[in-house]
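Since we're looking at a predicted model, the values are computed, not measured.
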Amino acid sequence: MSERIFVCYPRCTTCKKAEKWLSEKGIAAKVRDIKEDNPTEKELRQWHKKSGLPLKRFFNTSGLKYKELSLKDKLPSMSEEEQYKLLATDGMLVKRPILVDGDKVLVGFKEQEWKDALS
């Protein structure tokens, strides 16, 4: 079985909530700091495919970097290729937390969604 990875930003309150939730449920995962160890383009492609989500969901739309780059206006006209490349440049652009569990990839923490996926 592949290793479960919890990709987060330690100072993010939602990430802390998700980590606490995992811990309370006894679900072990290797913690990875998204700022120190940004997901690669290859990982993002794999995770996107497994998640079944639109690529836009991988962007941290409430982040400063997202706003600074005016991505709200730019994303619709960018190709998937350009979006992957952009996401791989800075962990702060990536929505978090991300839980990678084999063939399951959960993006952002919604307790019910995680409960359904992990039980």
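Rounding to the nearest 0.5 Å places CD of Glu82 at 10.0 Å from CG of Leu75.
Under the 4.5 Å side-chain criterion, counting only non-hydrogen atoms from C-beta, Leu86 is in contact with Phe59. Contact annotation: the side chain of Met78 never approaches that of Lys85 to less than 4.5 Å [non-hydrogen atoms, C-beta and beyond].
In terms of modelled atom types and a separation under 3.5 Å, the side chain of Arg4 and the main chain of Ala28 share a donor-acceptor contact. Distance alone, capped at 3.5 Å, places no donor-acceptor pair between the Ser70 side chain and the Asp73 backbone. Judged purely by atom type and a 3.5 angstrom limit, Glu36 has no side-chain atom pairing as donor or acceptor with the backbone of Asp33. Judged by distance alone, the side chain of Asn38 and the main-chain N or O of Ala88 form a donor-acceptor pair under 3.5 Å. A donor-acceptor pair under 3.5 Å is formed between the side chain of Trp114 and the backbone N or O of Gly108.
Heavy-atom contacts from other residues, nucleotides or ligands closer than 6.0 Å to NZ of Lys104 number more than 12. Counting heavy-atom neighbours within 6.0 Å of Lys25 NZ, excluding the residue itself, gives a total above 12. Within a 6.0 Å sphere centred on NZ of Lys50, heavy atoms belonging to other residues, nucleotides or ligands number more than 12.
Between Glu43 and Arg32, at least one side-chain N (NZ, or NE/NH1/NH2) sits under 4.0 Å from a carboxylate O, which counts as a salt bridge.
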Would Glu80 and Lys56 count as a salt bridge (charged side-chain N to carboxylate O under 4.0 Å, His left out) if you check the C-alpha gap in whole Å, the side-chain angles of each, and the deciding distance to 0.1 Å? CA-CA 9 Å; Glu80 268 198 1; Lys56 187 183 186 301; over 6 Å; no

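Side-chain polar atoms of Ser62 and Asn60 form a donor-acceptor pair below 3.5 angstrom.
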